Amino acid sequence: MRVMTVVGARPEFIQTAPVSQVLRQQHLEILVHTGQHYDVRMSQVFFEDLGVPEPDYNLGVGSGSHAQQTGQIMIRLEPIIQDEQPDWVLVYGDTNTTAAAGLVAAKLSVPLAHIEAGLRSHDRTMPEEINRVITDHLSDLLFAPTQAAVDNLQAEGLVAGVHQVGDVRVDLLADLARWDVPEPAQTRQAQGLPADGVFALVTIHRAGNTDRVERLGGIVAALNDLSLPVVLPAHPRLQKMMARHGLTFSSNVQVIEPVGFLGMMALLQACAVVLTDSGGLQKEAYLLRRPVVTVRDNTEWVETVEAGWNRLCPAVPLAIQAAVAAALDTPPVAHPDYYGSPGVSGRICTVLETTHRPMARRPVLTAER
Ligand code: UD1
C-alpha cells in the first residue's frame, strides 16, 4: 500500500510515531508535514525524540487565521496527493491539518482513514470540535479509541467503517521503558525542586482559556497561590497572551520552554498532579496514573472523569485550588482499561490492509470554472 500520512501539530507527531513504525515494515509511507507547528520545540524535537522519519514534504503553512491555515494546507496538499496517488490518506485527531487534509482527500476520491475518530466535546465553540465532526463524516475508515467514541459516531449515524482499536498512545507508553526517560528524583532536581518534593505539572494553551483575560487571569491567580509549586512548559500562545493581557506569574510558578514527548513523560512521572486544558495530556496522565484537573467545561475523555481520575473545573482561583487539593487528597483506586491493549498500531495496519481496494476509486470531481 502507498499510505500518505498528513501531520502538522504536536499531538500528530506523537501519534504518528508508533503507527509509522509498524506501517513502514511492509508498506510505503509518504509523510507530509503541513508546517502548522514550526518552532523547533513544537515540531522537530518530537521527530528526534520518537524517531519519526523525516517528512517527504513540508508545506510550510505556519500560523494564521483558521481559514488561512486550513485553506493554505488544502491548496498546497492537493497537487501532492494528485502526484503521489496514495491508496490511503491517514490523518489524526482534530487539528486544522486534520480537517484540511480530510477535505482534500475526500474531494480527490482518495480513501481517508481517521485515527482518534469519534471524540466529541459537544462544544461547537471549539475549533477542534468542528474539525473532528467534518473529518469523521468524510472518512472511509474511522479508528475509534474508546467505546464512548464508537457511541458518539453511532449517534451521528456513522457505523460503517468504524473500528474500535484502542488508543495509539497505549503503544507509545507501553514502550516507555525503551526510551531514555530520566528518573522522577532526577527530573525534580533538574527543576530546582527537592528530589522527593511534590509539584503540579501545568499546561494551558486552548484559545478558550488564553484569549480571554478574565479566564487566563483566573488561572494565573490560582497558580500563583497554589499550595504546591508549579512547573509549566509554556505553549507559544500562552506566552504571547500573558504579555498581551499584562499578566505575570509569581515565584510559585516555574515557566519553562515547551518540552518534547520524553521531557513531558519525565515531568508527568515526577509530578503529583496535573492541571491542563490539553486533550492528550489528560489521557497520558490517566495511563500513567496521575490525577488531573482539567480547566474546561467539558472533555472528550469522559471516561477519565467517570473513573474519578479527572476533574473538570472552571477558570476560577478558589475552584482550581479546591479541585487540586481534592485530586491530591482522594486518589482513585480503580483504573479501568478504557484505551485498549498494546498493539493498537498493528490493528490499524491490519484494517487498512484488509479494506484496501487498489482500483476502487470513485471518479474525481472537477470544479466548474
Ligand atoms: C493546535 C490544535 C490543537 C492542539 C494543539 C497542540 C487546531 C485548531 N488546534 O492548536 O487541537 O491541541 O495544536 O499544540 O489545529 N505558534 C508558534 N509556534 C509554533 C506553533 C504555534 O509560535 O510552532 C503560535 C502561533 O502564534 C499560533 C499559536 O501558537 O498562532 C497557535 O498555534 P496553532 O497551530 O494555530 O494552534 P494550537 O493552539 O497550537
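These numbers come from a predicted model, not from an experiment. Positions are given from 1 along the sequence.
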Inset, instruction - Might you work through the side chain to side chain donor-acceptor pair (under 3.5 Å) test for Glu353 and His27, ending with a clear yes or no? - result: CA-CA 10 Å; Glu353 285 162 4; His27 304 287; 2.7 Å; yes

Inset, instruction - For the residue pair Thr97 and Thr34, confirm or rule out a side-chain donor-acceptor distance under 3.5 Å. - result: yes

Legend entry - Tyr92 versus Thr5, side-chain donor and acceptor atoms under 3.5 Å: no

Inset, instruction - Flag yes if Val302 and Val274 sit in one hydrophobic cluster, no otherwise; membership is Ile, Leu, Val, Met, Phe, Trp, Tyr, and two members link when side-chain heavy atoms are under 4.5 Å apart. - result: no

Inset, instruction - Give a yes-or-no answer on whether the side chains of Thr304 and Gln282 include a donor-acceptor pair shorter than 3.5 Å. - result: no

Inset, instruction - Using a strict cut-off of less than 4.0 Å between a Lys/Arg side-chain nitrogen and an Asp/Glu carboxylate oxygen, indicate whether Arg120 and Asp136 qualify as a salt bridge. - result: yes

Inset, instruction - Decide if the gap between the ring center of Tyr286 and the ring center of Tyr338 is smaller than 6.0 angstrom. - result: yes

Inset, instruction - Check whether more than 12 heavy atoms from other residues, nucleotides or ligands sit under 6.0 Å from atom CD of Glu214, and answer yes or no. - result: yes

Legend entry - Hphob cluster co-occupancy, Ile115 + Leu287, side-chain heavy atoms under 4.5 angstrom: yes

Inset, instruction - Ignoring hydrogens and angles, state whether a donor on the side chain of Glu156 or Asn152 is under 3.5 Å from an acceptor on the partner side chain. - result: no

Legend entry - Backbone N/O of Arg296 and side chain of Asn209: donor-acceptor pair under 3.5 Å: no

Legend entry - Min side-chain heavy-atom separation Asp123-Asp297 under 4.5 Å: no

Inset, instruction - Flag yes if Val19 and Met1 sit in one hydrophobic cluster, no otherwise; membership is Ile, Leu, Val, Met, Phe, Trp, Tyr, and two members link when side-chain heavy atoms are under 4.5 Å apart. - result: yes

Legend entry - Glu183 atom CD, over 12 foreign heavy atoms within 6.0 Å: no

Legend entry - Enclosure of Gln154 CD (heavy-atom neighbours >12, cutoff 6.0 Å): no

All N/O donor-acceptor pairs, side-chain side in residues 323-332, below 3.5 Å, sequence neighbours left out:
residue, atom, partner, partner atom, Å
Thr330, OG1, Arg311, NH2, 3.3
Thr330, OG1, Ala326, O, 2.7

Inset, instruction - Could you verify whether a donor N or O on one side chain and an acceptor N or O on the other, from Glu84 and Tyr57, lie under 3.5 Å apart? - result: yes

Legend entry - Ring centers of Phe46, His37 separated by less than 6.0 Å: no

Inset, instruction - Could you check Gln36, His33, Glu48, Arg10 and say which one makes a side chain to side chain donor-acceptor pair (under 3.5 Å) with Ser43? - result: His33

Inset, instruction - Would you please say whether a donor-acceptor pair under 3.5 Å links the side chains of Asn96 and His66? - result: yes

Legend entry - Flag for Thr276-Thr203: side-chain donor and acceptor within less than 3.5 Å: yes

Legend entry - Shared hydrophobic cluster for Val110 and Ile80 (ILVMFWY, side-chain gaps under 4.5 Å): yes

Inset, instruction - Determine, using the 4.5 Å side-chain heavy-atom cutoff (strictly less than), whether Leu201 and Leu238 are members of one ILVMFWY cluster. - result: no

